[in-house]
Amino acid sequence: MTTNIVDYSIELACTTSIEAITATAALERFANDEAAGVVGFVYTPNDAPWFRMTPDGARLRDESAIPDDAFELRAFTPEQELRWWRTSGFDQGKAVILSEAPVVDETSATGAAGPHPLRQGDARSLLLWGTATFAYEDGWAQFTDRRVGDLWLPLETQPPTHSRARLAVVDYATRDEHGNVAVVDQRLLRIQVEEQ
């Protein structure tokens, strides 16, 4: 039997919050704070394409910029995540940058962690649709499923044919006054590829 260890010394923290900013401007600010390797996806009324940061800014697979009709966006590295959502009829929205931060219990003489929001164990992963095909073009790998269609993911290397992609995430939970624990948020970390 394995026991999950709950680490009360880590919480999900909002390091930056910006009102009235475009998705593109939020991404540029996030990419300036982060090293290379920023990837993510954007929700539009018709699609949810993936993008990656390039020297020319955020680019979809066809090298186009973030769509004007975007209403939500998530970009991430293993250390931080940017979330942007539209808050007006124009292209303005709110952006937050999230990362892990140690929790200090100021009521404790030792500064030990208290019962704050917590990180539940190690990263887990969410299966993305399809299996890898032989198609790999300029850092974009094709995954396909007969029922759903094609998904192009920004990957540094070509994945093995028939492998699957997963989105690594960390869950954050909190404990209520009765001792019940519930997941209250999750942070995206990276795209992982695993062979079948």
Side-chain angles (χ1 to χ4, degrees), residues 12 21-86 91 93 95-100 121-172 183 185-196:
L12 185 61
I21 189 169
T22 65
T24 302
L27 271 169
E28 288 170 0
R29 181 164 177 175
F30 181 66
N32 282 340
D33 292 343
E34 283 296 310
V38 175
V39 298
F41 51 90
V42 57
Y43 292 111
T44 71
N46 299 318
D47 203 2
W50 284 79
F51 63 85
R52 66 178 172 197
M53 291 304 291
T54 70
D56 297 324
R59 293 290 179 254
L60 296 137
R61 180 177 163 261
D62 64 2
E63 293 299 318
S64 62
I66 298 298
D68 291 336
D69 60 350
F71 60 85
E72 187 175 344
L73 176 142
R74 291 177 81 172
F76 54 93
T77 67
E79 293 79 31
Q80 292 190 5
E81 179 181 342
L82 167 72
R83 296 180 188 172
W84 175 90
W85 60 98
R86 184 182 299 266
D91 62 350
V96 294
I97 297 174
L98 305 170
S99 66
E100 290 187 349
D122 294 326
R124 66 182 185 89
S125 62
L126 307 171
L127 185 64
L128 298 173
W129 81 62
T131 57
T133 68
F134 61 88
Y136 182 79
E137 302 168 3
D138 299 323
W140 290 91
Q142 181 188 45
F143 289 76
T144 192
D145 180 272
R146 282 182 275 168
R147 293 176 296 151
V148 181
D150 294 339
L151 172 66
W152 286 87
L153 295 174
L155 297 174
E156 292 182 13
T157 60
Q158 182 173 4
T161 304
H162 303 296
S163 60
R164 293 194 173 272
R166 293 181 170 273
L167 188 55
V169 300
V170 172
D171 289 333
Y172 296 84
V183 173
D185 211 339
Q186 125 187 138
R187 184 171 58 86
L188 307 177
L189 301 175
R190 67 189 155 276
I191 301 170
Q192 299 173 317
V193 175
E194 61 182 33
E195 292 192 43
Q196 283 276 97

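If you read the sequence from its start, that first residue is 1, and numbering goes on from there.
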Considering all heavy atoms, the nearest [X]-[Y] contact:
X	Y	value
A95	I21	CB-CG2, 4.0 Å
F51	F41	CE2-N, 3.3 Å
P160	V193	CD-CG1, 4.2 Å
A165	L127	O-CD1, 3.7 Å
L60	W140	C-CZ2, 3.8 Å
D68	R86	O-NH2, 2.8 Å

Item checked: side-chain contact (heavy atoms from CB on, under 4.5 Å) against E81, all qualifying residues, sequence neighbours excluded -> R74, F76, R83, R187, L188
To the nearest 0.5 Å, what is the distance between [atom1] ([X]) and [atom2] ([Y])?
X	Y	atom1	atom2	result
L153	R52	CG	CZ	11.5 Å
R164	W129	CZ	CH2	13.0 Å
E28	T22	CD	OG1	7.0 Å
N32	L27	CG	CG	11.0 Å
T133	H162	OG1	NE2	9.5 Å
Q192	S163	CD	OG	12.5 Å

Crowding at [atom1], [X] (>12 non-hydrogen neighbours, <6.0 Å):
X	atom1	value
E195	CD	no
E156	CD	no
D185	CG	yes

Next item on the list: Using the test side chain to side chain donor-acceptor pair (under 3.5 Å), find all partners of T131 that sit at least two apart in sequence or belong to another chain.
Entry: none
Item checked: Side chain W84, main chain A75, donor-acceptor under 3.5 Å ->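 The answer is no, because no donor-acceptor pair under 3.5 Å joins these two groups.
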Checklist line | Y136 side-chain N/O to L155 backbone N/O, donor-acceptor pair under 3.5 Å | finding: yes
Next item on the list: Measure from NZ or CZ of R61 to the centre of the six-membered ring of W152, then state whether that distance is under 6.0 Å and the direction lies within 45° of the axis.
Entry: yes
Next item on the list: Give the C-alpha distance, both sets of side-chain angles, the deciding distance and a yes or no for side-chain contact (heavy atoms from CB on, under 4.5 Å) between D69 and F71.
Entry: CA-CA 6 Å; D69 60 350; F71 60 85; over 6 Å; no
Note to self: Taking side-chain contact (heavy atoms from CB on, under 4.5 Å) as the criterion, tell me which of V39, V38, T54 meets it with P154.
What the structure shows: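 Only one option passes, and that is V39.
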Next item on the list: Using distance alone, with no hydrogens and no angle criterion, decide if S64 and D62 have a side-chain donor and acceptor under 3.5 Å apart.
Entry: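 Indeed, the side chains of S64 and D62 share at least one donor-acceptor pair under 3.5 Å.
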Note to self: Please determine whether side-chain contact (heavy atoms from CB on, under 4.5 Å) holds for the pair L73 and L82, giving the CA-CA distance in whole Å, both sets of side-chain angles, and the decisive distance to 0.1 Å.
What the structure shows: CA-CA 8 Å; L73 176 142; L82 167 72; 3.9 Å; yes
Notebook entry, point to check: Going through the distances and angles, do E63 and D138 end up as a side-chain contact (heavy atoms from CB on, under 4.5 Å)?
Noted result: CA-CA 11 Å; E63 293 299 318; D138 299 323; 5.9 Å; no
Next item on the list: Give the intermediate values and the outcome of side-chain contact (heavy atoms from CB on, under 4.5 Å) for residues L128 and F143.
Entry: CA-CA 9 Å; L128 298 173; F143 289 76; over 6 Å; no
